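Down below is the structure, laid out as structure tokens.
All values derive from a computational prediction rather than experimental measurement.
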Amino acid sequence: FCFLPHPLHPRLPLSHLRHSSAEIRKHFSGTSHGSLPHHRHSHSASGSFCFNIPQSYEAVEPVDLDEFLMSQLRSGDAELMQELGEFPDDDLEVELVERECRTIRPSVPEEGVELDPHVRDCVQSYTQPWLVVSRRTQGYGWIAYSERTDANRLLQRQMFEFDVQPDKQEQLVKLCDDTTRTTLTCSDFNLRALQPDRRVENLLRFSSPEELDRFNLEARNSNRYGELFGLYPPIDEEDAVAIRPIPDCPKEHFGQRILVRCQTIKFDIEIEPLFATMALYDLKEKKKISENFHFDINSDQMKGFLRVHTPHTDASTLARSAVFSISYPSPDIYLVIKIEKVLQQGEIGDCAEPYMVLKESIYFGKEKLEKLRNQAEGFCQRLGRYRMPFAFATVNIMSAINSTLERDTSDTDSKGTMEKKGLPRRNSDRFSVMEDNYILSGFKPAVPMCTFIKQEGERLSDEDLFKFLAEIKRSSNQRRVKIIPGYLKLEVSLVPETVPGCLSPELIPVKPVSEKNPRAVKEVLEFPSSEVYVPHNIYRNLLYVYPLRLNLTNRLTSARNITVKIQFMSGEDPSCAMPVIFGKSSGPEFLQEVYTPVTYHNRSPDFYDEIKIRLPARLTEKHHLLLTFYHISCQQKQNQTGSVESLIGYSWLPMLNNDRLQTGQQCLPIILDKLPGNYSLHSPEKLPAQVPPVKWMENHKGLFNLELQAVSSVQTQDSHLERFFTLCHALEGKTTFPIRLGDEKISENMFEHELKLSIISLSSSGLEPLVLFLHQVLDKLFRLIMQPMVIAGQTANLAQIAFESVVSVVNSLHNSQELAKDHQGRNCLLATYLYFVFRLPDTQHEIHTTAETSRNLLMCFLWIIKNADQNLVQRWTVDMPLSQLSRLLELLTICISCFEYRGKQSSDKVSTQALQKSQQAKVRLEEALLGGIGARGQMMKRVGGNDRTLGQRENLRWRKDLTQWRQTNDRQDKSKAELDQEAIISGNLATETNLIVLDLLEMIVQAVPLADCKDNVVGGVLKVLLHSLTCNQSTTFLSHCFSTLRALIVKFGDLLFEEEAEQCADLCQKVLHYCSSCVDGNRSQACATLYLIMRYSYNSASVRHHITQHLYSVLHGKTDLDARLAMSRDASYVAIYIIYYCSLLLTIVHLQGGLYEAVNEVYKVIVPILEAHRDFRRLASTHDKLQRAFENIIQKGHKRMFGTYFRVGFYGSKFGDLDEQEFIYKEPGITHLPEISHRLENFYSQCFGDGVLEMIKDSTPVDRKKLNPNKAYVQITFVEPYFDDYEMKDRLTNFEKNFNLRRFMYTTPFTKSGRPRGELNEQYKRKTILTTMHAFPYIKTRINVIQKEEFDLTPIEVAIEDMQKKTRELAEATHREKPDAVMLQMVLQGSVTATVNQGPLEVAQVFLNEIPADPKLFRHHNKLRLCFKEFILRCGEAIEKNKQLITPDQKEYQQEMKKNYNKLRENLRPMLERKIPELYKPIIKPHSFKRNSLQNVSRGYQGKDVAVCQETSSVS
């Protein structure tokens, strides 16, 4: 609660109101030193009065305010209790809300296992109830405020320029009719003869700074409102509920869910059991986006063939329906169904042949079919545990849905919709307009029919599958594939609210459980194609193993039918195989071992299987994957009774590597002998030497490739998070030192240091893992903040660094564009955590307290500053450390923003519903403009920047209703009188709070001479004042604010103009802005301030430049009419003088700098003023200067040298705030890298001393870990201005390419091996684009870099760029107005001479000699070919041009050049004429409507070589 002091309350004793305790203490201290009694002034709402203090007092104990208040409350006086406020015994209600569990039981680890601390905490986090804190008493806050409303009726209305909107026409008429004003022309401009403006005269009259301070103090203290809290409305509880809605309860993430039922798998013949697997694939992302779903529709007869190998069948494995989740729907998602059969002798084609030639209905084939069934039964009994690939089918999910929609368009009741959707959890520009997200709703179940395609044994990998899907998408005519007669019938529909018999991915039944026992429906786990930022909410610990490839081609062995037995082992004994592998269809739920499918007679098979494993909750160093390789004898030889398996070898993979789960791709060697003892403790690559030696296949070479992918809510898979959690759990006291952390061992004396580093590095973790474990991370950090930790017997201070980490994490999440915000701009993840998850880490008492809002705390702070003794506050600021004083100034800045005036509402009744509609319309408008969709949206987003903390920040200027604190005025419909009264109160509150801030700033400034940090303090005070000028302020406050600014200029002018150049620039801009104010008093104050700035900065060139620059922007920011009216209305002699003075100054600057084009822009400001005053003499002079400027442009043209730019980076703690800062330096036109390097090296060597500074010679990224902390490092790189293609259309001249520059680029060559340079086919290039805070040319020669972008060019892209550069150089040298023969010959010689290393011919031989195998390189190959065609064309033009320029003695040189050119052209001809057929296919008009960009090609091009047309246009 907040105690609201009431002046002269009748219930309080008068003795307590006569004199304050501060006055009494001051009197005692004064008399003790022999000082005389003095007077004090006290101000109230009614005005001011004075009183005399007696000479002596009896010493009494000060009143205990708390005891006094409680005694008054215990008296039972109802009126007094209402006045002081209601004090409920327990206003907070803490409720434990049980989690809603989707399954019949929560997913938890197996019982009886001691869990790791991290796993234990995760499981507790996923199972404990939500803790919700709510308030019991609401709505009492307005009682006291409503009773104060009558007193506020007498408030004086404050004038805000924000509310004033003058009519331009009336304003113009009024000025034209003002005949009493004397027109002032520039020809009459004589400062000594002019009479001062009456409104400005008093503002500039003072004899000393002390007199100015006294005058300002008296002005501020007059007519002040005494009761600050009387202006402050309490929080509207109803509005607070509306503003802060309850966030969504945390839940498991699901995308858009579809139900796929397999109705029929039918072939023309039925001779053997078949098994199916379906999964989703995203063609665009080249990614498998779901786990496998195994099913079969075998008859009981076919299942009987496998009864020997299937001892029992669990009900969950009989599922024929699956629920798929799609987080990022797109037209490129395919459902792929793969069919397998029992392994038998023969290639896949041989096994498929009966299906392609026989039918059940043909009579003479029945005997053949019966024979085939008998053979199949024999293979099943002998080889039933092994399978082989057979066929596959594909279904485009979106096509199936669209076909249903097209069939049902006439049925309006059941018409399906497919609406575009913006993802609720992610704002991303990943998807283009044609491939956006979709909401699938209301469509009838689709029943797609698809045919089976024979599987080829050499095309089993996912890469081969994606190539096939790409061919399907490109053309309806598939490449030659063999179709197996038969069909697959599926039903695709939306998932209903309840699915009977549904099982989770962990095979736990999902609620509601049906009383009957229907066939199971499995939920298929999604692997989202992109990041999904939702914290973990359930326990899940799964591992997916993907065997990829086995290469035995170099080994002389008979092993050709190869399978791999995969087991998950908890030890090395065969009995340690754990039943944690999920089974497939028609078998047990869990298995101890599985076998990969066999490709017949293939020594280097590709694998496509997916093995799903339920990981133990506690992994140890003994857990590992055991891989056993077998050759399977498909043909039973005579008298063979033994096993069909022939052992090839073993391999294994430990689950933990340095206590971290192994994931990603692995390449394992194969051991031929029996596995040695304790093999599982080491990886196969690092197995120690054995006695006797172990025999490896192919000399210990990696032969078997596999990939592991974990989907776990306990395994972080992020090094920063894992390090943080491990060290936090070590604080529990059960850990023995040293702690092993990866490859490190941390001793007890280094533990605190490493823990702090891990807390700091949390901000470096990836965004997705940080969000996934957000609840656990924040819980740990708050525990470190609240509870003292004991390390090595001593209490460690971790609270501050943990709090800073919380701030960093929260700031990172809030500013990320990837994460969703609610309609108030709150981060949804953080709001959910605070409402449902957060709890204070107190194990004894679950006590939750809430503090008053920041707004209330700031109001209390301002009340204290207003009522405290002025001398006491001043002494407090004097004794304050500099860092604390800086934070105080930041707090004052927050106060100004917090209580900013928001403006009057409409005079008519405000409809809340209409207001909400307008806000929704505005939101839609913002999304349309800034949504990042399409080229325009991309350009707007690029202009805004991409920095993680700056560019991704929400544009708050668009959403002023979401910044700072919203006013509570819109809580209900109000009348005009109520709105006007609230506006008056709000205006007075804003004025009074800002005046309190101004009072404190004056106290700080007056204490400055007593302190040693004068420069920092004055700069900080100026920063607060400038911030106040950016907010909506009343004329009352602005008059006092400008008075304070003038006092600062008078007292500290030299200091400000020399040390605070950046803030002086802002000051000039703000003051010039108010010079054109529509409020008379604001203009007068601004003009007087501007005059003082000019007067006291006469010797400061930078200030003159600031004024000139901002005057230009201010005037061009308004219409010419506005500017002329505003600047001529008041203080005209000051305004005209400054305009003309600044224009002339800026003209000189631009002429001296060679910026002749800018002179014209400068005079666009001054010419209208000179024309208005008929000052033809100065007009003639002006046009003369313009003529000379234009003549210079014509004469000098491209000969002007505008500047050279360098990137300079500073590294090392020696630089202080400059550490890790980057700048762009502008140097004179012809400045080489060694010059600036030598200059900076000399300068900083003098600063730090010899041997401290080191210059980094290259431009590669700086690794801080490799730097010596005792040294300072400077890295210098040459950079060039960078423009996008669309910018170059407007930057045609040399001046335009060197003016208003903010983006610069440098390149860094590199190779994959780590060397900077290499052969042409391995030479990469990294382009780095830097964006500066301001644009060059600027008043400073260096500007901060605020954003960095990087992208890499592949070798062929590097070659394309080099050839384009050579072609441009040839064209420029050939077509110059005044050709330079020497320059032309230099460029030509470097192009056609055959002896040039890595010249054009070698580039063509490397990249154009053969058509690339990868289709991704087709476009690059063709583009490079076109570049060479244009290059040869330009070379020919240059040869002819050189023929015209040579002298008679150079004819032999010309003939040699011509000969080299012809030779180069002939060598390039076969490579340039070789085209890629896929890029030059004729365009055929499609027979049916499809989303194909080729539909819009005009008929004139149909059947023609369109690529040739593109080639011609590209060359031209």
Q: Report the C-alpha separation of Arg224 and Asp999 in whole Å, then their side-chain angles, then the decisive distance to 0.1 Å, and conclude whether the salt bridge (Lys or Arg N to Asp or Glu O under 4.0 Å) test is met.
A: CA-CA 12 Å; Arg224 291 279 289 273; Asp999 288 336; 2.9 Å; yes

Q. Quick one: do the Ser1077 and Arg1083 side chains pair a donor with an acceptor below 3.5 Å?
A. no

(Q) To the closest 0.5 Å, what do you measure between CD1 (Ile896) and SG (Cys1041)? (A) 8.0 Å

(Q) If only side-chain N and O atoms count, and only distance matters, is there a donor-acceptor pair under 3.5 Å linking Asn994 with Gln1033? (A) yes

Q | Heavy atoms of other groups near Phe861 CZ, more than 12 under 6.0 Å | A | yes

Q | Whether over 12 other heavy atoms sit under 6.0 Å from Lys1023 NZ | A | no

Q: Could you list the residues that satisfy side-chain hydrogen bond (donor to acceptor under 3.5 Å, both in side chains) with Asp1219, not counting sequence neighbours?
A: Arg1264

Q: Look at the rings of Phe782 and Phe838 and say which category their plane angle falls in: under 30° parallel, 30 to 60° tilted, over 60° perpendicular.
A: perpendicular

Q.
Go through it in stages, so that I can follow the logic: the residues are Thr1035 and Gln158, the test is side-chain hydrogen bond (donor to acceptor under 3.5 Å, both in side chains), and I'd like the CA-CA distance, side-chain angles, deciding distance and then a yes or no.
A. CA-CA 7 Å; Thr1035 55; Gln158 299 288 337; 5.4 Å; no

Q. Passes side chain to side chain contact (heavy atoms under 4.5 Å, CB included), Asn1032 versus Arg902? Steps please.
A. CA-CA 7 Å; Asn1032 300 320; Arg902 302 297 180 187; 5.8 Å; no

Q. Is it true that atom CD of Glu804 has more than 12 heavy atoms of other residues, nucleotides or ligands lying nearer than 6.0 Å?
A. yes

Q. Is there a donor-acceptor contact under 3.5 Å linking the side chains of Thr1036 and Thr991?
A. no

